[in-house]
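Taking it in order: structure first as structure tokens, then the write-up.
For ligands, and for the atoms within them, numbers begin at 1 and follow the listed sequence. Everything numeric here is computed off the predicted structure, so don't read it as measured data.
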Amino acid sequence: MTRVPLRRALADLPPYVPGARAGGGAMAYKLSSNENPYPPLPSVMAAIADGAVDVNRYPDMYATELTEAIARHLDVPVESVVTGGGSVALLGHVLAAVCEAGDEVVLPWRSFEAYPIYVTLAGAVGVPVPVGTDGRLDLVAMAAAVTPRTRVMLVCTPNNPTGPAVRADELAALLDAVPKDVLVLLDEAYVEFVRDPEAADGLAVFAEHPNVVLLRTFSKAYGLAGLRVGYAVARPRLAAAIRAASTPFGVSHIGQLAALASLAAQQEMRTRVDAIVAERARMLTGLRAQGWHVPDSQANFVWLALGEHAKSFADRSARAGVLVRPFAGDGVRISVGETEATDLLLEVTAEVVRR
Ligand code: PMP
């Protein structure tokens, strides 16, 4: 039978595994997707409702008002901001904008599971550099992995799924070591949760280094994961290239309005993020008191390096009513959510260590 041939690269593509969802009517806390546990703010709900009447029209392709609001919020030129359908879409647009077939992209591993997928789809070759046992990126090894074929380096900070943030001094050393024509993508999806005083300041680094691009999102701290809005911050020439490589009308009208309303609600957002950070501390302290070795987390999740027990732990936790995200053979990532969910989780982890 003659069939449509598929791209060879697809055969090797690792699947993106979404976090488990509650099903079958059983009540479960969903700590499997790094989502924000809080419902949308009333002001954001109102913006979403207001936007509904216009959905027969295409959205503003350049998300003009939102782009201007983000630029003002970050104090960067408006030409430097590119919005997209979640920061994951922007990851694809950045790679599409700079990678030729066969170019190399240095990335930490284990890290965000979309990286190898998007690198492969861009026709590039991923060069994974192992993350240390403390869950920290090894920026020295990443710098050493650069070759003349390297076009991009992905730096996930805080690192999903292990938790630590890259420190300012390590990042400064990396940027000194890496050639100026290599694009260094700082993926700051969780930046609002960072409290480590030694953590790198992405915006300051962006101001100093023309080859640095930042990725940020409204999905995590702002709680708009379901609406798919993220953005990149890049020098105008790179930003224009990322825009050129973007999906037209990539951010929906309702997404634009909700993100604008969210930016306007800084105080409420900070209060919620502070509560999640406090809950993270409670989860980390509780786990460590039970004897678990848990890497530092500067994000809204923690990592248990359970190795071959990852899947069985996730199953056990699900039976107890807490959905977590296993990475088979490696570990489980547990998002920080409701206090009741932390309590239940700590009951499960206590039983597992006692066994
Ligand atoms: N980067 C990292 C490190 C992430 O963990 C995620 C979400 N899992 C994203 C980017 C993408 O988020 P979004 O597309 O919702 O903005």
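- Taking the charged nitrogens against the carboxylate oxygens, Arg270 and Asp274 have no contact shorter than 4.0 Å, which rules out a salt bridge.
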Close N/O pairs between ligand 1 and protein, under 3.5 Å:
from: ligand 1; atom 1: 1 (N); to: Asp187; atom 2: OD1; distance (Å): 3.1
from: ligand 1; atom 1: 1 (N); to: Asp187; atom 2: OD2; distance (Å): 2.7
from: ligand 1; atom 1: 5 (O); to: Asn160; atom 2: ND2; distance (Å): 2.7
from: ligand 1; atom 1: 5 (O); to: Tyr190; atom 2: OH; distance (Å): 2.6
from: ligand 1; atom 1: 8 (N); to: Lys220; atom 2: NZ; distance (Å): 3.3
from: ligand 1; atom 1: 12 (O); to: Ser87; atom 2: OG; distance (Å): 3.3
from: ligand 1; atom 1: 14 (O); to: Ser87; atom 2: N; distance (Å): 3.2
from: ligand 1; atom 1: 14 (O); to: Val88; atom 2: N; distance (Å): 3.0
from: ligand 1; atom 1: 14 (O); to: Arg228; atom 2: NH2; distance (Å): 2.7
from: ligand 1; atom 1: 15 (O); to: Ser219; atom 2: OG; distance (Å): 2.6
from: ligand 1; atom 1: 15 (O); to: Arg228; atom 2: NH1; distance (Å): 2.8
from: ligand 1; atom 1: 15 (O); to: Arg228; atom 2: NH2; distance (Å): 3.3
from: ligand 1; atom 1: 16 (O); to: Ser87; atom 2: N; distance (Å): 2.7
from: ligand 1; atom 1: 16 (O); to: Ser87; atom 2: OG; distance (Å): 2.8
from: ligand 1; atom 1: 16 (O); to: Thr217; atom 2: OG1; distance (Å): 2.5
from: ligand 1; atom 1: 16 (O); to: Ser219; atom 2: OG; distance (Å): 3.4

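- Under the side-chain contact (heavy atoms from CB on, under 4.5 Å) rule, Leu90 has a single partner from Leu95, Asp187, Ile242, which is Ile242.
- A cation-pi contact, defined as under 6.0 Å to the ring centre and within 45° of the axis, is absent between Arg195 and Phe193.
- Side-chain polar atoms of Asn159 and Arg110 form no donor-acceptor pair below 3.5 angstrom.
- For the pair Arg235 and Phe206, the cation sits on the ring face: its NZ or CZ lies under 6.0 Å from the ring centre, inside 45° of the axis.
- Within the 4.5 Å cutoff, the side chain of Leu224 has heavy atoms near those of the Ser262 side chain.
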